[in-house]
Amino acid sequence: MKYQAPRGTYDILPEDIKKWHYIENIIRKLTSLYNYFEVRVPIFEQLELFQRSVGEDTDIVEKEMYAFKDKKGRELALRPEGTASIARMVAEHNLKSSKKKPLRLWYEGPMFRYSRPQKGRYRQFYQFGVECIGSSNPIVDAEIIAIGWQILQEAKVPDVSLEINSVGCPECSNDYNILLKEFLYKDKDKYCADCQRRMDQNPLRVFDCKNNSCRQLIKNAPRMLDSLCEECALHFEGVKNNLEMMKVPFNVNPEIVRGLDYYTKTAFEYKINYLGAQDALGGGGRYDELIEYLGGKQTPAVGLSMGLERIILSLEKSGFSFPEENILEVLVIPIGTCALQASIEMIQELHKADISAIIADESSSVGNNLKFCDKNNVSFAVLIGDNELKSGMYVVKDIKKKAQSEIKREEVVSFIKKYLSGVV
RNA sequence: GUGGAUGUAGUUCAAUGGCAGAGCACCGGAUUGUGGUUCCGGUUGUUGUGGGUUCGAGUCCCAUCAUCCACCCCA
């Protein structure tokens with residue numbers, strides 16, 4: 001084989017597209033019910049946009065960026081996520097938003113990260129995101145979290161758990177980091193090598209260590225949730241209360257951190273435990289500083305993003321059968337070359353009536369063409385040969401019922417239409 | 001980025017260093033223009049790619065590409 005899709009990329013084949021349409025339709029439906037508008041932003045942006053919004057020290061920017069220079073020497077990068085572009089768009093166009101009516105936006109499309117591929121982890125992958133911009137009210141945090149939750153429920157993804165946390169505002173999270181580092185460095189030598197490295201890069205990660213002795217040590221460490229300032233604590237209470245009112249089940253998990261620097265206050269993840277190391281379907285949080293940081297007006301915002309492949313993989317794993325689409329309804333079978341003209345006209349009439357139809361290979365036998373109908377769930381076959389041309393009566397076969405009737409040429413379409421719409 | 005496993009027909013998988021095979025799927029046939037079963041027949045192919053060892057490599061060695069698993073991290 002001469003060419004193959006580049007590492008970490010893949011083709012969505014015709015037999016698989018229904019899976020994508022299935023989940024995309026649910027996203028469209030739910031976002032529209034909540035009055036969110038779709039937007040489309042570029043697939044590449046200035047490199048600096050991601051460096052500044054996602055954060056210089058994050059894995060995404062440090063080692064996973066598809067950065068390149070264009071012919072004019074501009075530093076660009078394929079987007080590793082969607083929120084940075086959304087925030088840029090809002091700041092750039094000074095899109096109007098207010099407490100009373102925040103901007104409600106959603107997007108879907110490919111994202112790119114240079115990481116080692118695995119099942120459920122690709123270099124080009126698809127995400128959708130939902131963003132609510134302009135309100136700091138905890139009810140919109142809950143709204144965003146609920147939309148993601150409902151999409152997963154509606155899609156029938158099994159055994160999802162929703163974990164929420166608050167990472168505080170810059171002030172209280174800063175204070176907390178100092179507190180936690182003090183605690184960790186006190187017994188630095190007692191931790192495993194990984195944890196000692198984590199202490200410098202991302203101290204919160206020490207909480208995830210599987211090593212028993214580390215777990216013991218960290219048990220008494222100060223918790224972010226205990227260090228929230230009054231405003232952040234109040235906000236977090238508000239989010240929890242609102243989720244309860246919405247009857248969205250959640251766990252408070254102080255270890256939810258998120259790998260992007262722009263999050264403030266609310267952080268959350270939708271998790272599953274049956275896709276190996278890929279246990280996050282998506283997540284999100286509040287980013288109250290980002291839009292201003294990118295040169296816009298001071299604008300609070302909250303959003304989520306989810307990976308489409310992981311949703312599809314978990315559905316496949318659960319044995320879900322995706323709705324069929326694009327099923328052929330009619331096969332027109334010309335018998336002999338004389339019937340070609342009439343068959344083409346038949347096809348055109350069927351199409352005008354919104355009935356899917358194709359013309360059969362006339363060099364193949366009638367029997368084989370009917371066999372094709374059986375195998376491919378085609379509802380009707382229309383046979384047109386010398387006899388039919390002479391009499392003006394076409395043979396219409398109901399494949400599933402194995403029934404056959406002779407119908408006047410002019411009435412074939414309405415006959416079939418009647419059956420397909422379930423009238424008879 | 002680190003460590004490991006794997007790669008043969010469209011697909012699922014066989015083949016001790018000695019002629020590349022089976023099921024499913026696909027295509028054709030079983031007396032002229034009529035059916036999912038059955039029967040018969042056919043193609044499934046540069047054994048991921050490139051080198052090397054050998055009289056001889058799908059098999060052994062090296063490189064490379066890709067997939068998968070665990071880290072890391074996340075979607």
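Order of the sequence lines sets the chain letters (A, B, ...), proteins ahead of strands, with each chain counted from 1. These figures come from a predicted structure and were not determined experimentally. Heavy atoms only: backbone and side chains are in, while hydrogens, waters and symmetry mates are out.
Here, G10(B) and C26(B) have their C1' atoms 8 Å apart, quoted to the whole Å. Taking atom P on both nucleotides, A63(B) is separated from U12(B) by 28 Å, rounded to a whole Å. G45(B) sits 16 Å from A20(B) when the P atoms are compared, rounded to a whole Å. The separation of C71(B) from U43(B), taken at their C1' atoms, amounts to 45 Å, rounded to a whole angstrom.
Look at Gln4(A) and you won't find any side-chain N or O under 4.0 angstrom from OP1 or OP2 of G48(B). One finds no side-chain N or O of Arg113(A) lying less than 4.0 angstrom from the OP1 or OP2 phosphate oxygen of C73(B).
Residue-to-nucleotide contacts include no donor-acceptor pair under 3.5 Å from the side chain of Asp386(A) to the base of G33(B). You'll find a donor-acceptor pair under 3.5 Å spanning the side chain of Lys397(A) and the base of U34(B), going by distance alone. Taking 3.5 Å as the limit, the base of U67(B) and the side chain of Gln118(A) contain no donor-acceptor pair of atoms between them.
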Requested in this report: Kindly express the pairing pattern of RNA chain B in dot-bracket notation, using | wherever a base pairs with another strand and counting only Watson-Crick or G-U pairs under 3.5 Å.
Outcome: (((((((..((((....[..)))).(((((.......))))).....(((((..]....))))))))))))....
Give me, pair by pair, the N or O atoms of the protein and of nucleotides 25-32 of chain B that are less than 3.5 Å apart, along with how far apart they are.
unit_1	atom_1	unit_2	atom_2	d
G29(B)	OP2	Asn368(A)	ND2	2.7

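Applying the ring-ring contact (aromatic ring centres under 6.0 Å, His included) test to pairs two or more places apart or on separate chains, those with a residue in residues 248-271 of chain A are Tyr262(A)-Tyr287(A), Phe268(A)-Tyr270(A).
Remark: side-chain polar atoms of Tyr107(A) are not paired, donor with acceptor, to backbone N or O of Glu131(A) under 3.5 angstrom.
With contacts defined as side-chain heavy-atom distances shorter than 4.5 Å, the pair Leu152(A)/Met306(A) qualifies.
Along RNA chain B, the nucleotide nearest to Leu275(A) and the one nearest to Met306(A) differ in position, and the one closer to the 5' end is contacted by Leu275(A).
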